[in-house]
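No experiment lies behind these values; they were computed from the predicted model shown. In each ligand, atom 1 is the first atom listed, and ligand 1 is the first ligand listed.
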Amino acid sequence: MKICRLLFLLVAVSALTNDLNAQEGYVPTQENLDNRTWFQDAKFGMFVHWGVYSVLGGGGDEGIAEWIMNNKRIPIKQYEKLPSFFNPINFDAAEWVRMVKDAGMKYITITSKHHDGFAMYDSKISDYNIVDKSPYGKDVIKMLAEECRKQNIKLFFYYSQLDWHHPDYYPRGRTGQEFTGRDESGNWEDYLEYMNTQLTELLTNYGPIGGIWFDGMWDKKDADWQEGKTYQLIHNLQPGALIGSNHHVKPYPGEDFQMFEQDLPGENTTGWQGSHISELPLEMCLTINGSWGFNIKDQNHKSPKELVQLLVKAAGRNANLLLNVGPMPNGEIQPEHKASLKAMGDWMDKHGETIYGTRKGIVAAEDWGVSTQKGKKLYLHILDWDKDVLLVQPFREKVQSVVFFADKSKVKYRLDDYGLILEIPKNKKDEVDTILEITLK
Ligand code: FHN
């Protein structure tokens, strides 16, 4: 059985033509386009960086968690001990998915393999995985996929193209060099074949998935990643699956959404983002504290207010918020992060109507806030404004009514050539987001 399964995988991968660098001429199917709309309506998802690196919890250094192998220059021989310490006995897929739903999130994107090369699922092409190498011995990705289906939450797989463990990830890139202890040799084509085989496993063994979240091309910017072949493979196996790649440049043909790391679209506080904002569905990924993976020392937890405001600011720029947690090695989510997610869920319970299914509104993002819109309903999200009168300009639409979203009470306003002038008395302000609901004629 294992041999013919592997045979099927290898045939599926090698059947592809390999002259495409990007999936030139890619035409998304109607199913894919419908899933893009679903994605844009969903607005809010949970990112999960979980792996054997969580056992080290950052090693007492802030800012490193999933990068500890590279930053602490831990050779493969030593790092390979970690899986034998990884035993998440408290992992409860149902509780995770319930927590996601209670937070108002619609999908999960989890690390199926990160840069350390360790597969968090039952890979047949490599025994460097949670089933073969950890005392836990169970496929957590399978458990999560089943629970997501039960609770109607979509599941995306983060997959690292960068691999500090595989001998054929050669020539090495900017990271994971000689300290790993790998021979200074390797076959890049074999590595790409290996990667495509693992992706085939993820796209054939876990039911319909939301999509693939690639990361790591930036490690070998000039390499021939043959991503067209990979994208075609994915779209052949699951045409509706959405592909995104965190390469920080203009999306390549074959990609279905564009992500921004730790930055709102158009901003570049990290220095990574390209300036290009595509017409594709957009997503901003964000740490809930200062780390992606679990870091025992990291107390830079963002406040629920800050998190809600970033969700709103992203929605006002047509982008989803993919909010990250780094589970602990025992399989639990830190209590501080559970509390913040619950608080966001409470806010979404009351105000979700002004976020889900909307697109950025006719009023552009400003320092005071943003707008979201669904048809004739325009929502002004006033996030940071200490005056009692707000002038929105330009504003050329005809207005039928303006009310405070919270209690539907009337807002005093005047519309003239200058724009829309709105009165916002102090007692009507909300310290997180004062939402005005404008019904356009
Ligand atoms: O190196 C990764 C990092 O570990 C993490 O996965 C983030 C998530 O967007 N992406 C890379 C850094 O750009």
Side-chain angles (χ1 to χ4, degrees), residues 44-59 61-74 79 82 107-120 141 156-166 169 172-177 180 195 202 210-221 223 225 242-249 251 255 257-265 267-274 281-295 298 300 302 307 310 314 319-327 337:
F44 192 25
M46 186 163 89
F47 210 177
V48 179
H49 276 71
W50 196 31
V52 293
Y53 41 78
S54 62
V55 170
L56 296 176
D61 285 3
E62 288 197 42
I64 59 170
E66 72 287 354
W67 272 69
I68 195 158
M69 180 179 171
N70 184 77
N71 296 20
K72 295 291 183 185
R73 306 176 70 72
I74 306 173
Y79 194 88
L82 273 182
Y107 61 101
I108 297 173
T109 302
I110 185 166
T111 49
S112 63
K113 185 195 88 163
H114 204 267
H115 308 335
D116 63 359
F118 186 79
M120 290 294 281
I141 298 285
F156 290 68
F157 295 139
Y158 169 107
Y159 187 88
S160 173
Q161 291 142 310
L162 160 59
D163 195 310
W164 295 325
H165 184 269
H166 200 285
Y169 186 90
R172 311 288 180 235
R174 291 184 305 137
T175 66
Q177 286 136 357
T180 60
M195 185 176 78
L202 290 166
I212 301 287
W213 210 100
F214 282 114
D215 200 4
M217 284 177 85
W218 34 263
D219 182 63
K220 287 163 62 72
K221 279 206 169 107
W225 285 93
L242 303 182
I243 297 173
S245 183
N246 190 36
H247 44 50
H248 306 308
V249 293
E255 292 170 13
F257 70 101
Q258 180 184 13
M259 64 279 274
F260 299 82
E261 182 171 324
Q262 306 274 55
D263 261 319
L264 289 161
E267 293 185 354
N268 193 9
T269 61
T270 56
W272 295 319
Q273 318 307 340
L282 308 177
E283 183 187 62
M284 168 194 185
C285 64
L286 181 80
T287 51
I288 199 168
N289 55 4
S291 313
W292 297 106
F294 172 62
N295 182 303
D298 186 338
N300 305 315
K302 295 176 177 73
L307 294 169
L310 281 163
N320 290 10
L321 178 67
L322 185 68
L323 181 57
N324 183 80
V325 295
H337 300 162

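The aromatic rings of Phe156 and Phe257 sit perpendicular, their planes meeting at an angle over 60°, well past the 30° parallel limit. Ring geometry for His114 against Tyr158 counts as parallel: the plane angle stays under 30°, on a 0 to 90° scale with 60° as the upper cut. Between Trp213 and Phe47, the angle of the ring planes lies from 30° to 60°, which puts this pair in the tilted group.
Below 4.0 Å from some heavy atom of Cys285 lie the following atoms of ligand 1, by number and element: 9 (O). Atoms of ligand 1 lying under 4.0 Å from any heavy atom of His114, numbered from 1 in the order shown and given with element: 3 (C), 4 (O), 5 (C), 6 (O). Close approach of ligand 1 to Tyr158 is summarised as follows: ligand atoms under 4.0 Å from at least one heavy atom of the residue are 6 (O). Atoms of ligand 1 lying under 4.0 Å from at least one heavy atom of Trp218, given by number and element, are 1 (O), 11 (C).
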Requested in this report: Could you check Trp218 against Asp215 for side chain to side chain donor-acceptor pair (under 3.5 Å), going step by step and ending with a plain yes or no?
Outcome: CA-CA 8 Å; Trp218 34 263; Asp215 200 4; 2.9 Å; yes
Report task. Decide yes or no on ring pair (Phe, Tyr, Trp, His ring centres under 6.0 Å) for His115 and Trp67, but give the supporting numbers first. Result -> CA-CA 8 Å; His115 308 335; Trp67 272 69; 5.5 Å; yes
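In this structure, the protein non-hydrogen atom closest to atom 10 (N) of ligand 1 is Asp215 OD2, 2.6 Å. Of the protein's non-hydrogen atoms, the one nearest atom 3 (C) of ligand 1 is Glu66 OE2, 3.5 Å. Annotation: atom 9 (O) of ligand 1 to nearest protein heavy atom, Glu261 OE1, 2.9 Å. His49 NE2, 3.4 Å is the protein heavy atom nearest to atom 5 (C) of ligand 1.
Side chains of Thr270 and Glu261: no donor on one and acceptor on the other come within 3.5 Å.
With a 4.0 Å heavy-atom cut-off, ligand 1 is reached by the side chain of Trp213 but not by its N, CA, C or O. Contacts between Asn246 and ligand 1, counted as non-hydrogen atom pairs separated by less than 4.0 Å, involve the side chain only. Here Met259 has no heavy atoms under 4.0 Å from ligand 1, in either its backbone or its side chain.
The cationic atom of Lys113 (NZ for Lys, CZ for Arg) does not lie both less than 6.0 Å from the six-membered ring centre of Phe157 and within 45° of the ring axis.
Using a non-hydrogen distance threshold of 4.0 Å, Gln262 does not register as a contact of ligand 1.
Looking only at distances, a side-chain donor or acceptor of Trp225 sits under 3.5 Å from a matching main-chain atom of Lys220.
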